[in-house]
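In each ligand, atom 1 is the first atom listed, and ligand 1 is the first ligand listed.
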Amino acid sequence: MVSFSSLQISDDEKGYDPELFCIPKHYEEDLERVFIPHGLIMDRTERLARDIMKDMGGDHIVVLCVLKGGYKFFADLLDYIKALNRNHEESLPMTIDFIRLKSYCNDQTAEEVKVIGGDDLSSLAGKNILIVEDIVETGRTMKKLLKLLEGHKPQMVKVASLLLKRTPQSSGYRPDFVGFEIPDRFVVGYALDYNEHFRDLNHICVISDKGRQKYKV
Ligand code: HPA
Ligand code: MG
């Protein structure tokens with residue numbers, strides 16, 4: 001059993017002035033800081049692809065993308081795995097599927113988990129599964145999803161999450177592969193949203209008070 005570490009972003013990390021980066025005009029006033037620049041996300045994702053390959057290589061895997069927030073990380077992670085597959089002796093055959101779970105409203109944690117869409121979960125019997133998520137916060141949703149999947153008797157289930165938030169509400173759950181461990185702050189961008197906004201932003205950012213007000217529901 002290999003254990004992989006993650007990139008730690010400390011509680012006093014200030015991030016960067018958005019003025020120093022390219023931000024869509026429609027979000028110019030809505031962001032406080034750029035927290036994780038897009039380039040760093042990509043570099044870290046490239047390494048995660050290598051770690052996943054090392055850990056799960058050999059057998060066919062079913063990669064389950066958790067929509068909507070996971071789609072950017074999923075697409076970029078798979079591109080890096082595909083690049084490794086093209087250029088190495090060993091390769092990792094993959095099939096993919098997309099699921100949605102009950103999601104967020106404002107900053108509240110949703111209690112219930114329901115899988116919407118995707119193929120029939122019974123097709124996962126005997127398979128090696130990699131779940132790809134954008135962020136794990138309390139870990140409760142992921143634990144519920146894992147329990148649900150276990151009921152369908154897969155051979156193995158692993159989880160890759162781009163972000164893991166350090167929060168007092170954590171259930172103690174840790175994904176197998178983590179891009180960045182971040183402080184307890186609400187972040188958006190790179191497909192992570194605030195009431196469906198900011199998914200169309202390259203960098204992971206912290207919203208300004210103005211942005212929070214503007215997109216409040
Ligand atoms: N941002 C966006 N979505 C989320 C977050 C966050 O910080 N935490 C859980 N879902
Ligand atoms: Mg998510």
Exercise for the section: May I ask you to check whether His203 and Phe21 place their ring centers less than 6.0 Å from one another? Expected result: yes
Fill in the blank from the handout: For Arg44, the salt bridge (charged side-chain N to carboxylate O under 4.0 Å, His left out) test, sequence neighbours excluded, returns none
Fill in the blank from the handout: Under 4.0 Å from one or more heavy atoms of Asp193, ligand 1 contributes atoms 2 (C), 3 (N)
For residues 57-72, dump all side-chain donor-acceptor pairs below 3.5 Å to protein atoms at least two apart in sequence or in another chain.
residue : atom : partner : partner atom : Å
Asp59   : OD2  : Asn128  : ND2          : 3.3
His60   : NE2  : Thr95   : OG1          : 3.1
Lys68   : NZ   : Glu196  : OE1          : 3.0

Fill in the blank from the handout: Per-atom filter on ligand 1: closer than 4.0 angstrom to a heavy atom of Glu137 are 5 (C), 8 (N), 9 (C)
Practice task
Check whether any N or O atom of Val187, backbone or side chain, sits under 3.5 Å from an N or O atom of ligand 1, and answer yes or no.
Solution key: yes
Practice task
Mark up the atoms of ligand 1 that fall under 4.0 Å of a heavy atom belonging to Leu192, in ascending order.
Solution key: 1 (N), 2 (C)
Handout entry: Sub-4.0 Å heavy-atom approach of Val188 to ligand 1
Key = no
Problem - Enclosure of Asp209 CG (heavy-atom neighbours >12, cutoff 6.0 Å) - result: no
Exercise for the section: Using a strict cut-off of less than 4.0 Å between a Lys/Arg side-chain nitrogen and an Asp/Glu carboxylate oxygen, indicate whether Asp30 and Lys214 qualify as a salt bridge. Expected result: yes
